[in-house]
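Report on the structure given below.
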Amino acid sequence: MVSITLNMIPHEVKIQMENLTKVKTLIWNQVIVDRLDQLLLFSADTFPNLQTLSIEHLRVNAALSYQSLSYSYPNQFASLRMLSLEVEKSTMPLLSALSSNVIVPVENIDTLDLWITGWTTLGCLDSILKATAPTLRVLQLHVNIYDSFLDDPGFELVPSLRQMANLKSLRFMRYLSRGQLIWMRNILRTMSCAICSLESIHLGFSQADLDFALLEHAILEQKTPNIKVIIERVEQRNPELLDALKQSFLELSRRGQIHFVGWD
């Protein structure tokens, strides 16, 4: 783990960083900071042309409300187009601020990659999806939460993608378990009557003992008959898994809608 604060960076290093103003992609992974706003301000000031920002496994020493974050650092990241975020307690103020269209001009965001691992962080997800709905083209979701009531057809699912009228690509690319498969099915059901622009669904599997028929049925319910279903390899080659997948999406295969990428 690396701890970074602005005061820890030597003056000569800051001078060298002036040469990095054209950097467009920044990934923060396993970083410890005193406060979230320090990381955001450092990123925005040092990389003004940033288009892609990724934050995962972030640890902060002091909690910060999204109101404080919004008030202190309005209208940052004017060039940002893609945000990849592990949604947890440390990053929730950023997500809440985004929903209020501060810090980042939310109308500029066309790609979101969100990793949800707890019920407490799930509630703010619906707000950011509604805020980005007019411009969002690519959405990658990883929801690693499971409870038996998810199987109840009457369960009102959050998040809902009903408002994603312009979405082109939906991606579920991290290692998928039974619980995540149920989320995928339920999320697809929220959009089947609303999204006609969807062009592709990207999937990643690492195990064969899943209810793929459940997922295929949810995909077939979509109102876009020519949608491409792209199954990408997410780990080392596994011929048995590939064979199982080919035998599990028979109707999609018959229609020529399914494509296997990176398995050769």
| message | Using only atom types and a distance under 3.5 Å, with no angle test, would you say the side chain of S197 pairs donor to acceptor with the backbone of A165? | response | yes

| request: Indicate yes or no: at least one non-hydrogen side-chain atom of L188 is less than 4.5 angstrom from one of I201. | output: yes

| task | Over all heavy atoms of both residues, which pair between T135 and V106 is shortest? Give the atoms and the distance, please. | result | OG1-O, 3.9 Å

| task | Mind checking the CG-CG spacing from L41 to L36? Nearest 0.5 Å is all I need. | result | 11.0 Å

| said: Just checking H217: does its NE2 atom have more than 12 heavy atoms from other residues, nucleotides or ligands closer to it than 6.0 angstrom? | reply: no

| request: Mind listing the closest non-hydrogen atom pair of L245 and I231 along with its distance? | output: CD1-CG2, 3.9 Å

| field | Exercise: identify the closest heavy-atom pair between L39 and I55 | value | CD2-CD1, 4.4 Å

| task | Would you please say whether a donor-acceptor pair under 3.5 Å links the side chains of W115 and S84? | result | no

| note | Of all heavy-atom pairs linking L167 and V138, the shortest is CD1-N, 3.9 Å

| request: Report yes if the side chains of F77 and P48 come closer than 4.5 Å at any heavy-atom pair, otherwise no. | output: no

| said: Which heavy atom of T111 sits nearest to which heavy atom of L136, and what is that distance? | reply: N-CD1, 3.7 Å

| side-chain contact (heavy atoms from CB on, under 4.5 Å) assessment of M164 paired with L129 | CA-CA 8 Å; M164 294 289 164; L129 292 180; 3.4 Å; yes

| message | Checking E251 now: which residues fulfil side-chain hydrogen bond (donor to acceptor under 3.5 Å, both in side chains) with it, not counting sequence neighbours? | response | R254, R255

| request: Among N108, T25, D113, find the residue that satisfies the side chain to side chain contact (heavy atoms under 4.5 Å, CB included) test when tested with M82. | output: D113

| request: Would you sort out whether L53 and F47 count as a side-chain contact (heavy atoms from CB on, under 4.5 Å), showing the intermediate values? | output: CA-CA 10 Å; L53 176 63; F47 310 104; over 6 Å; no

| Can V229 and L203 be said to form a side-chain contact (heavy atoms from CB on, under 4.5 Å), step by step? | CA-CA 8 Å; V229 179; L203 307 172; 3.9 Å; yes

| field | Sidechain-backbone polar pair: Q163 side chain, A133 backbone, donor-acceptor under 3.5 Å | value | no

| message | Contact between E86 and L114 at the side-chain level, heavy atoms closer than 4.5 Å - yes or no? | response | no

| Spacing of OG belonging to S79 relative to CG belonging to N49, to within rounding of 0.5 Å | 5.5 Å

| Is the side chain of E199 donor-acceptor paired with the backbone N or O of K228 at a distance under 3.5 Å, no angle test? | no

| task | I would like to know whether L112 and T132 meet side-chain contact (heavy atoms from CB on, under 4.5 Å); could you show each step before the answer? | result | CA-CA 9 Å; L112 278 178; T132 57; 3.7 Å; yes

| query | So which pairs with a foot in residues 222-253 pass ring-ring contact (aromatic ring centres under 6.0 Å, His included), sequence neighbours left out? | reply | F212-F249

| request: Compare all side-chain heavy atoms of N29 with those of L58 and state whether any distance is below 4.5 angstrom. | output: no

| said: Atom CG of residue position L250 - does it have more than 12 heavy atoms of other residues, nucleotides or ligands inside 6.0 Å? | reply: yes

| query | How long is the gap from CZ on R81 to CZ on R137, to the nearest 0.5 Å? | reply | 12.0 Å

| Is a donor on one side and an acceptor on the other found under 3.5 Å between the side chain of R59 and the backbone of H57? | no

| message | Rounded at 0.5 Å granularity, tell me how far CD in E216 sits from CG in L252. | response | 4.5 Å

| field | N166 versus P134, closest heavy-atom pair with distance | value | ND2-O, 2.9 Å

| query | From L241 CG over to K246 NZ, what is the distance, rounded to the nearest 0.5 angstrom? | reply | 11.0 Å

| request: Decide yes or no for Q257 and N226: does some side-chain heavy atom of the first lie under 4.5 Å from some side-chain heavy atom of the second? | output: no

| remark: By side-chain hydrogen bond (donor to acceptor under 3.5 Å, both in side chains), S200 pairs with (sequence neighbours left out) S169, H202

